[in-house]
*Asks:* 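Sharing a structure below in structure tokens format, with a few things to ask.
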2 protein chains.
Amino acid sequence: MTILTHLKQSLPSLSKAESRIGEAILADPEAAVNSTTADLARLAQVSDPMISRFCKTLGCTSFPEFKVQLARSLVSNSSFISEAVSTGDSAASYIEKRINANQAALEYLRGNLPTEAIEQAVAALGQAKRIEIFGMGGAAAIAKDAQHKLFRLGTPTIAYEDHLMQRMAAAAANEETAILLFSFTGRTESMIEVARIARQSKAKVIAITHPQSPLGELADITITSGNELEDTTIYVPMTTRIIILTIIDILATGLALQKGPAVDQQLKTIKHSLEDTKIS
Amino acid sequence: MTILTHLKQSLPSLSKAESRIGEAILADPEAAVNSTTADLARLAQVSDPMISRFCKTLGCTSFPEFKVQLARSLVSNSSFISEAVSTGDSAASYIEKRINANQAALEYLRGNLPTEAIEQAVAALGQAKRIEIFGMGGAAAIAKDAQHKLFRLGTPTIAYEDHLMQRMAAAAANEETAILLFSFTGRTESMIEVARIARQSKAKVIAITHPQSPLGELADITITSGNELEDTTIYVPMTTRIIILTIIDILATGLALQKGPAVDQQLKTIKHSLEDTKIS
DNA sequence: GATCGCATGTAGTTAAATTACATAAGATGC
DNA sequence: GCATCTTATGTAATTTAACTACATGCGATC
């Protein structure tokens, strides 16, 4: 963990003077790196030695060491400032920008993915006897990808992109079914309908979607699709898929860990089944 | 440029004492970050003020500032160390590890994606009157995703995952067709066959695959799928997908930039077509 | 061979950071 | 409700780190 996130986390537990210092640093961390204790003390309106104490509270041995740590944490945040591509950009330039944007999206995920939701989702997937995955439009490819990743872990897993198939599968589901729904906005009417049917069937509904959306509120477990990022100036569109793919990655990893060595043979068998289709 | 590379570059032009300091720092930069001028001076067997002078020679205003800069340059080298997940990892732990692994994959892409290949591929896609996208197995979802992104830019684009459909489409192609092939290994026999048929039809064949593979060598333009990165652990790493998805992202971005404002209306129309399916 | 200049070391000074101490505010017990 | 104890914070003093000014020595050039 970087010192900056550590600071953010421990901000509430700090004393009055110390939190003033913390806020002064967070307001302009770059400036803090180039400050002396006196500078910072003046800025936060506290006495000089409070800065030293503040640093020790955060686990550093001295103020200079704190500055070094702070400088470190600023790198990882500033290197992911993604810029929008613009007409006239060279290939090298837009390649760089898109990679930055996608890395930034993952960086966002690091701080904003609720651990409990993942744990619950993994538990639900682990208990399920069947997994159904629904996605339409752009999410259809994602559903397919998730199916491809999850079916290997031993539980029958099917992906549907057809609304009618989804309705039937949702209606036929029971409490031993986990249903994974992918929707960027969480406002697609047919998806919401399917989710409603699935809940009536007592299936466990996991939605990867916008948390403050009808679909997000309907599901048993909701994980953000990062869609709340789209449209903002900093995070350019197209990054949501990277986020969702990484969430699938994380869910599959969690599930594989939960099932443990039991799935190893399964994975080997599946891999082996492809051998005859490859040339050496 | 980071201070560390700057130091490496200017090492030959430094004076005797100064280069001793430079070498001492390069020998263990991490230790230098936690040193005082006196510590470093002893290590490099020079006098104390030489350290200050050394820093100024490198363009820093003071030794503390140099330390901060040094700390900065060390981050970019040491971050993105991806660790394998292991049994007993907490959710928080494997979430962190997977995000790291995916960011590392993108970092790899930054250094290893050949600009010229991207330029050629964008040019080929731009000139094409039709785009056909082929992928099987795990790559089928990727092909579907690419189709979903590229069809919006005005050129008729179809994705096939069925080998027979792929054969027919490849045979029916002509010099105005661009064919995008996704294959992780580049060794799937049926994919190679399809590529061969496509070349006979004089279509432009773009392969996103392992560069040193039969398929990679067969294609007009080859872009790495990052498959050379996959380690052999049983828990299938998903980093290649992230890489390929980002490549698709980059290709679509390049194509959109090339077409310019011409596609803006097209994008708006497509977006508008979904409005009635969403609830407010 | 002498002098000039540059590189480096020594001593001293400045300033920055920490420690030790004192005080005030808030909490706790009677 | 008052007294005392604890904790947080400021003040003063000390230590330590970093830089400046100066001195010396080595190498180069005339």
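Here the structure is a predicted model, which means the values were calculated and not measured.
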*Asks:* Distance check needed: D:dC19 P versus B:Arg53 CZ, whole Å only.
*Replies:*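 Answer to the nearest Å: 11 Å.
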*Asks:* Salt bridge check: are B:Glu30 and A:Arg72 linked by an N-O gap of less than 4.0 Å?
*Replies:*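 A:Arg72 and B:Glu30: salt-bridged.
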*Asks:* Heavy atoms of chain A, cut-off under 4.0 Å: which first and last nucleotide of DNA chain C, 5' to 3', fall inside that, if you could look?
*Replies:*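 The protein-touched segment is C:dA16 to C:dA20.
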*Asks:* Between A:Phe63 (CZ) and D:dT15 (C1'), how many Å, whole number?
*Replies:*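 Distance, rounded to whole Å: 18 Å.
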*Asks:* Would you indicate, yes or no, if D:dC19 has its OP1 or OP2 atom less than 4.0 angstrom from a side-chain nitrogen or oxygen of B:Thr37?
*Replies:*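 No, outside the criterion.
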*Asks:* A:Ile21 has an atom CD1; how far is it from atom P of D:dA8, in whole Å?
*Replies:*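 Roughly 13 Å, once rounded to whole Å.
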*Asks:* A:Gln45 has an atom CD; how far is it from atom P of D:dT9, in whole Å?
*Replies:*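 Rounded to whole Å, this separation is 14 Å.
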*Asks:* Roughly, in whole Å, what's the span from CZ in A:Arg20 to C1' in D:dT9?
*Replies:*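 So the CZ-C1' distance, A:Arg20 to D:dT9, works out to 10 Å.
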*Asks:* Are A:Asp220 and A:Lys204 ion-paired here, with the side-chain N under 4.0 Å from a carboxylate O?
*Replies:*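 No, A:Asp220 and A:Lys204 are not salt-bridged.
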*Asks:* Main chain of B:Gly254, side chain of B:Gln258: is a donor-acceptor contact present, judged purely on distance under 3.5 Å?
*Replies:*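 Checking the backbone N and O of B:Gly254 against the side chain of B:Gln258, no donor-acceptor pair under 3.5 Å is found.
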*Asks:* Please state how far atom CD1 in A:Ile51 lies from atom C1' in D:dT11, giving the value in whole angstrom units.
*Replies:*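 It is 15 Å, rounded to the nearest whole Å.
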*Asks:* Roughly, in whole Å, what's the span from CE in A:Met50 to P in D:dT11?
*Replies:*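 Result: 12 Å.
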*Asks:* Please tell me whether A:Thr155 and A:Lys259 have a donor and an acceptor in their side chains that are separated by less than 3.5 angstrom.
*Replies:*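 Yes, a side-chain donor-acceptor pair sits under 3.5 Å.
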*Asks:* Just verifying a value: how many Å separate A:Arg196 CZ and A:Leu215 CG, rounded to the nearest 0.5 Å?
*Replies:*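 The CZ atom of A:Arg196 sits 10.0 Å away from the CG atom of A:Leu215.
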*Asks:* Rounded to the nearest angstrom, tell me the gap between atom CZ in A:Phe54 and atom P in D:dG10.
*Replies:*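 Interatomic distance, CZ of A:Phe54 to P of D:dG10: 14 Å.
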*Asks:* Which of these nucleotides, D:dA18, D:dA21, D:dT20, is closest to any side-chain atom of B:Thr36?
*Replies:*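 Closest nucleotide among those given: D:dA18.
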*Asks:* What about the rings of A:Phe66 and A:Phe54, do their centers lie closer together than 6.0 Å?
*Replies:*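 Ring centroids of A:Phe66 and A:Phe54 are less than 6.0 Å from each other.
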*Asks:* Is any side-chain nitrogen or oxygen of B:Ser62 closer than 4.0 Å to OP1 or OP2 of D:dC19?
*Replies:*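 It does, given that an N or O in the side chain of B:Ser62 lies less than 4.0 Å from OP1 or OP2 of D:dC19.
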*Asks:* Quick one: do B:Glu96 and A:Arg110 make a salt bridge, cutoff under 4.0 Å?
*Replies:*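 Salt bridge flag = yes for A:Arg110 with B:Glu96.
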